[in-house]
Amino acid sequence: MFDWKWDFAFEILPRLLWATLNTLMAAGAGYAIAVVLGLVLALAQRTPIRALTAVVREAVEFIRSTPLVLQIFFVFYVGPQFGLRLSPWTAGMIAIGLHYAAYLSEVYRGGIESVPKGQWEACTALSLSTRDTYARIIIPQALPPALAGMGNYLVGIFKDTPMLSVIGVAELMHTANAIGSEHYRFLEPITMVGVIFLMISLPAAGLVRLFETWVRRKLGMIR
Amino acid sequence: MKDLHDLSHYPLKLEGPDRPMVSFRNVTKRYGDLVVLDGLNLDVAEGEMVSIIGPSGSGKTTVLRMLMLETIQGGVIYVDGQPLSHMDRGGMLVPATPRHLRAGREQIGMCFQHFNLFPHMTALGNCMEGPVQVLGMSKQAARERAEDLLEMVGMIDKRDEHPARLSGGQQQRVAIARALAMRPKVLLLDEVTSALDPEVIGEVTGVIKKLVEKYRLTIMMVTHQMGFAADISDRVCFFYDGRIEEQGAPADLFSNPQKERTQQFLSAVKSAD
Ligand SMILES: Nc1ncnc2c1ncn2[C@@H]1O[C@H](COP(=O)(O)OP(=O)(O)O)[C@@H](O)[C@H]1O
Ligand SMILES: [Mg+2]
């Protein structure tokens with residue numbers, strides 16, 4: 001039925017595997033940015049400075065309600081208009097990191113809000129500083145409920161990396177497309193990209209769940 | 001009649017050997033338009049055990065929370081002679097900064113109805129947290145202090161357990177040890193036995209009794225246990241609608257209440273038992 005050519009598939013495999021590394025790097029770097037920046041966005045919404053809280057709130061809402069691919073385009077093509085000339089990689093990491101930071105900030109916010117009020121009061125009663133209250137008491141308890149959401153977005157960011165191909169980041173999708181154009185054959189490269197994504201996504205989701213259990217146990221929170 | 005909102009009528013500090021450990025002067029607490037406490041005056045002497053009783057919603061918890069968790073809208077609160085709700089700025093009392101409040105509150109400990117232990121830390125970790133992070137003690141010194149206190153409340157065997165594996169009575173005893181680890185001058189207890197099964201209440205009241213009789217700690221205790229309050233208090237304050245309706249030595253207040261509302265409340269509590 002299909003005209004699948006194994007020898008062609010093997011020929012292009014090394015190039016695709018190489019591109020897989022780029023995809024993983026893009027997902028990893030984007031996620032690292034998102035994890036840290038997301039926390040900043042979440043905490044900024046809890047400061048007593050009303051104006052800051054409102055601005056961050058709106059920015060998060062804005063990022064969440066516009067498509068990622070648009071944001072990637074925007075940073076890469078509109079950035080130079082403001083004197084911000086970025087390489088595809090840098091622009092891509094900024095766009096995808098920011099995009100997922102907005103989502104993760106909501107996950108963190110949910111986690112922080114799930115910590116009972118009594119925990120905050122206990123911190124005040126012990127005169128813990130705001131910093132210690134967050135770092136030692138609130139965030140460790142906000143983490144387990146946030147982990148499931150964080151894991152979903154880790155898989156999500158990985159699956160969204162093909163969008164970086166639109167600005168020429170040489171990740172999997174971009175490479176498969178290039179191979180297709182060179183050889184006038186798309187069946188093998190595109191199918192293989194699908195299989196590679198599947199082979200990474202599925203175990204990743206499982207690993208995330210194991211990690212979640214491990215963290216809960218580590219924090220002594222398994223009843 | 002002096003203007004109670006004019007802060008210049010309040011002393012910058014309370015001096016002298018008889019000065020109270022805690023002093024509420026004309027303290028008003030509002031939530032929005034709701035006046036919860038109106039012009040509260042209450043002094044607690046050093047080493048005194050004051051119980052606060054009264055119907056639900058009468059403002060008992062609020063009295064304690066003003067010392068530890070809330071700002072006030074009128075009056076001044078002093079702790080150990082120094083203003084807590086306010087501070088001295090060039091000979092004038094001005095509302096306290098968060099920093100001043102935190103420093104003042106380091107002298108106060110509080111225990112809650114629902115314990116509020118840190119679930120991700122062991123009993124020992126809970127008791128070391130304040131001394132290490134706030135008082136800057138070494139881990140070693142904080143551990144020794146925490147172990148002494150856990151021993152005192154009878155929880156030393158469970159020092160490495162997380163709260164989820166402790167009963168309510170055990171958790172509350174750890175919470176008392178955690179508060180004491182900060183060496184507070186005043187301990188606030190808000191219905192610390194209300195969430196406990198009847199058979200373990202004695203574990204906790206036993207510890208409180210020890211604090212009163214052996215250590216003579218200054219304690220303000222909100223409670224529904226009239227028998228216990230009568231047993232260990234130096235003074236009992238009956239709150240009604242945000243005011244102290246009646247106060248006195250437990251023997252007087254419980255056996256010979258003067259006010260009608262006190263009589264009603266006490267007989268209602270008695271018939272409920
Ligand atoms: N955070 C709050 N916001 C609004 N009203 C409150 C708040 N906390 C307490 N109150 C009100 O203050 C009054 C006194 O409450 P509380 O001190 O908890 O009473 P008690 O401890 O005697 O039951 C009640 O009417 C209660 O509804
Ligand atoms: Mg109460």
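Every chain is numbered from 1 and lettered A, B, ... according to where its sequence line falls, protein lines coming before strand lines.
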### Message
Counting only non-hydrogen atoms closer than 4.5 Å, does B:Phe112 touch chain A with its backbone (N, CA, C, O), its side chain (CB onward), both, or neither?
### Response
side chain
#### Entry: Donor-acceptor under 3.5 Å (B:Asp80 side chain, B:Met21 main chain)
no
### Message
If we define contacts as heavy-atom pairs under 4.5 Å, which of B:Met110, B:Gln133, B:Met182 has the most with chain A?
### Response
B:Gln133
### Query
What parts of residues 14-26 of chain A touch chain B if we use heavy atoms and a cut-off under 4.5 Å?
none
### Task
I would like to know whether B:Glu70 and B:Tyr31 meet side-chain hydrogen bond (donor to acceptor under 3.5 Å, both in side chains); could you show each step before the answer?
CA-CA 10 Å; B:Glu70 309 266 357; B:Tyr31 290 108; 3.1 Å; yes
### Message
Quick check for you: among B:Leu188, B:Leu117, B:Thr122, which has the greatest number of heavy-atom pairs under 4.5 Å with chain A?
### Response
B:Leu117
#### Entry: Positions in residues 116-133 of chain A that reach chain B, provided some heavy atom is under 4.5 Å away
A:Gly118, A:Gln119, A:Glu121, A:Ala122, A:Cys123, A:Thr124, A:Ala125, A:Leu126, A:Ser127, A:Leu128, A:Ser129, A:Thr130, A:Asp132
### Message
Ring centroids only, cut at 6.0 angstrom: are A:Phe158 and A:Phe197 within range, meaning strictly under it?
### Response
yes
### Task
Pick one of side chain, backbone, both or neither for B:Leu101, based on which atoms fall under 4.5 Å of a heavy atom in chain A.
neither
#### Entry: Region of B:Met68 that comes under 4.5 Å of a non-hydrogen atom in chain A
both
### Task
Provide the full list of side chain to side chain donor-acceptor pair (under 3.5 Å) pairs with a residue in residues 94-112 of chain B, sequence neighbours left out, each pair given once.
B:Gln107-B:Lys185
### Query
B:Val50 pairs by side chain to side chain contact (heavy atoms under 4.5 Å, CB included) with which of B:Val63, B:Asp43, B:Val44?
B:Val44
### Query
Between B:Lys29 (side chain) and B:Arg65 (backbone), is there a donor-acceptor pair under 3.5 Å?
no
### Polar side-chain atom of B:Thr223 near backbone of B:Glu191 as donor-acceptor pair, under 3.5 Å
no
### Task
Considering non-hydrogen atoms only, spot the tightest contact between A:Gly97 and A:Ile33 and give its length.
CA-CG2, 3.9 Å
### Query
Going by the side chain to side chain donor-acceptor pair (under 3.5 Å) test, which pairs reach into residues 159-174 of chain A, not counting sequence neighbours?
A:Tyr100-A:Asp160
### Query
Thinking salt bridges, do B:Glu129 and A:Arg136 make one under a 4.0 Å N-O criterion?
yes
#### Entry: Note: A:Glu212-A:Arg209 ion pair, threshold 4.0 Å (strictly below)
no
### Task
Say whether, by atom type as modelled, one donor and one acceptor occur between the side chain of A:Tyr108 and the main chain of A:Val35 under 3.5 angstrom.
yes
